Engineer: 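Following this message is one structure expressed as C-alpha cells.
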Amino acid sequence: MKIQEEVKKVVKQAIAKHGKIKQILWVGAGGSFAGFYVANYFLQQEAKTFLPQCIPVVNLFM
C-alpha cells in the first residue's frame, strides 16, 4: 500500500470515529520533529478549518 493510500485510510477512520478534524499537533524531537516540519507547513497552507501546530518535545516539559 502506498503512503498516500494509508494516510487516506487513517484519516477516513479518524473522521468516522471522531467526526470533523479540529486540530493536529505534531510532537517530536530531533529528526522526527524535522520530519514533521514539511507536513505542518503543507497543512498550514492547505487547511481551511484548523491550524496545525508543531510542538518540540522540549516544550512539553517546561
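Computed from a predicted model, the values in this text were never measured in an experiment. FYI, the numbering just counts along the sequence from 1.
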Engineer: What's the separation between atom CG in N40 and atom CG in L51, rounded to the nearest 0.5 Å?
Structural biologist: 7.5 Å
Engineer: In terms of hydrophobic clusters joined by side-chain contacts under 4.5 Å, are L43 and I21 together?
Structural biologist: yes
Engineer: Kindly state each residue pair satisfying side chain to side chain donor-acceptor pair (under 3.5 Å) with at least one member in residues 3-22, sequence neighbours excluded.
Structural biologist: none
Engineer: Are V11 and I24 linked, directly or through other ILVMFWY residues, by side chains that come within less than 4.5 angstrom of each other?
Structural biologist: yes
Engineer: Is there a path of hydrophobic side-chain contacts, each under 4.5 Å between heavy atoms of I, L, V, M, F, W or Y residues, that connects F36 with F50?
Structural biologist: yes
